Number of protein chains: 2
Amino acid sequence: MIRKPTSRETARKPNMREAILAAAEELFATNGFNAVSVRDIAHAAGANPGSVTYHFRTKDGLLLEIYRRHCGPMNLRRSELLAAARRVRDLQDRLEAIVRAYVVPAFTSGSDLAGGGARFTRLRAVMSAEGNEVARKIIAQTFDDTSHAFIDAIHESLPHIPRTDIVWRSHFLLGALYYSLVTPERVSRLSRGEADGSDAAGAIEQLVQATVAAFQAPALDQAAPARRRPVVSSKT
Amino acid sequence: MIRKPTSRETARKPNMREAILAAAEELFATNGFNAVSVRDIAHAAGANPGSVTYHFRTKDGLLLEIYRRHCGPMNLRRSELLAAARRVRDLQDRLEAIVRAYVVPAFTSGSDLAGGGARFTRLRAVMSAEGNEVARKIIAQTFDDTSHAFIDAIHESLPHIPRTDIVWRSHFLLGALYYSLVTPERVSRLSRGEADGSDAAGAIEQLVQATVAAFQAPALDQAAPARRRPVVSSKT
DNA sequence: ATGTGATTTGTACTATCGTACAAAAGATCA
DNA sequence: TGATCTTTTGTACGATAGTACAAATCACAT
């Protein structure tokens, strides 16, 4: 039924290459790129440091392979969900469906690779914060198309909002999404145990609800900032 | 007029200690903690590596001192702005004032120290993403009080929203705030030059507008998730 | 069983890391 | 001016970083 794998595909230990990738993903996502050594990764994967060099040449190469593994499937899933969302008739429902199509693959498995998309999304968040060059390049050329597609779709369902505002708000969405995956325990702590920051389903619902409302906020007409409101002194 | 400084206060070069702090702040905020070496910092400050050891003992000590420098003034300013905001009568206006009291000190100078609060806020974002232990400890014991005060204030102006939802939404606010400071160029890129992500005033207005709307979103009753909407297939 | 190519191991090299410390230099006051 | 304290410099040490590479080991076809 299933083709017998050749020696080219199966390592001695069952897929050491995958184990290294998974370990690196986990360690990078929780500690950052520079805080993790190749030896740390090899140890976590139960492998020899030399194996990492053999499979991925360099530490950068390892990171690059992680991105290659996830970007395709995740964007594909997002595209599918976005296409379905765009077919929703009711504008309010459509907006929510679009936001959901953006958020869900980031939390749940964007691919069927072990661990799912949450880990990879967290990894992206951390690499973004560290200003990692390898990540920056591959992200800009891989995710910008997707981001534009979402921005366009949202703009269609909110035609009265300037595109600039949509860009800002989708930027906020991504920031909120990232931060929810980076420090979920902060939610648990601040809610005094009433909420569980690590609960993906709960986070998704909260994020979708809040974001939809943010997108629907009145436009910010920067041409006329005259509408000054006596809020709080802006002086020190 | 001004008291003549003694030798205890003025270094040979004008405040080398401050120069090191400023350089470290900038480098940590843009590259992360582990990617920056003590030598990098010394070089950027025009100092000798040994000077860093002399003034701060360790690299962790340097980071700790950066936090000590900013946390106090920033929280003080936030408290003042929050107190003023709570006195606003109109509930809608009060909510906006509260959010503004949270956001403004993070973008503009939380203290009168060189560079202002934006750099320090970005630093906090990066340390948070890297899971830095030194930062985690000092943040939890320094900012949680402030966070609770804001959450309480927001809850007061939105009594019909469960506290859990407020926590989540303020968490999203912080994430959006962090991300805006970490990758402002992404906003410029995605808006095709129509918006400037580095413009603090613009970012603040957008963030306040979007966040107020998010807080005002209807409550998310997790007791009854029955209100299922036919949005998009959740299957792969 | 044996040869062959893929993989894993063990180790070593060089660079750079954080930090320590003695000496030099500067500042201050008697 | 000389004594004393603070700051800066220069250098060195041990630890660890990324990576390379030869030898050992394994899976499989013949």
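Since we're looking at a predicted model, the values are computed, not measured. Residue numbers begin at 1 in each chain, while the letters A, B, ... track the order of the sequences.
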Contact class for A/S51 (heavy atom, under 4.0 Å): base, sugar-phosphate, or nothing?
base

With side chains defined as the heavy atoms from C-beta onward, is the minimum distance between [X] and [Y] less than 4.5 Å?
{"X": "A/F56", "Y": "A/I20", "answer": "yes"}
{"X": "B/R124", "Y": "B/M74", "answer": "yes"}
{"X": "B/R192", "Y": "A/R163", "answer": "yes"}

Would you tell me if any nitrogen or oxygen in the side chain of B/H55 comes within less than 4.0 Å of OP1 or OP2 on D/dT6?
no

Is the phosphate of C/dT8 approached by A/Y54 (side-chain N or O, under 4.0 Å from OP1 or OP2)?
no

Per nearest nucleotide of DNA chain C, the residue lying toward the 5' end, A/V52 or A/R39, is A/V52

Any sub-3.5 Å donor-acceptor pair from A/N15's side-chain atoms to A/E18's backbone N or O?
no

Sequence neighbours excluded, every pair satisfying ring pair (Phe, Tyr, Trp, His ring centres under 6.0 Å) that has a member inside residues 18-39 of chain B:
B/F28-B/F33

Please state how far atom [atom1] in [X] lies from atom [atom2] in [N], giving the value in whole angstrom units.
{"X": "A/K59", "N": "C/dA15", "atom1": "NZ", "atom2": "P", "answer": "19 Å"}
{"X": "A/F33", "N": "D/dA17", "atom1": "CZ", "atom2": "P", "answer": "13 Å"}
{"X": "A/E18", "N": "C/dT8", "atom1": "CD", "atom2": "P", "answer": "12 Å"}
{"X": "A/F56", "N": "D/dG18", "atom1": "CZ", "atom2": "P", "answer": "15 Å"}
{"X": "B/N34", "N": "C/dT16", "atom1": "CG", "atom2": "P", "answer": "17 Å"}
{"X": "B/L62", "N": "C/dT19", "atom1": "CG", "atom2": "C1'", "answer": "13 Å"}
{"X": "A/L63", "N": "D/dG18", "atom1": "CG", "atom2": "P", "answer": "13 Å"}
{"X": "A/R17", "N": "D/dC26", "atom1": "CZ", "atom2": "C1'", "answer": "19 Å"}

Quick check for you: among D/dG18, D/dT8, C/dG18, whose closest atom lies nearest to any side-chain atom of B/M16?
D/dT8

Are more than 12 heavy atoms from other residues, nucleotides or ligands located less than 6.0 Å from atom NE2 of A/H148?
yes

So which protein nitrogen or oxygen atoms get under 3.5 Å of nucleotides 20-24 of chain C's nitrogens or oxygens?
none

Partner residues of B/S79 under the side-chain contact (heavy atoms from CB on, under 4.5 Å) criterion, sequence neighbours left out:
none

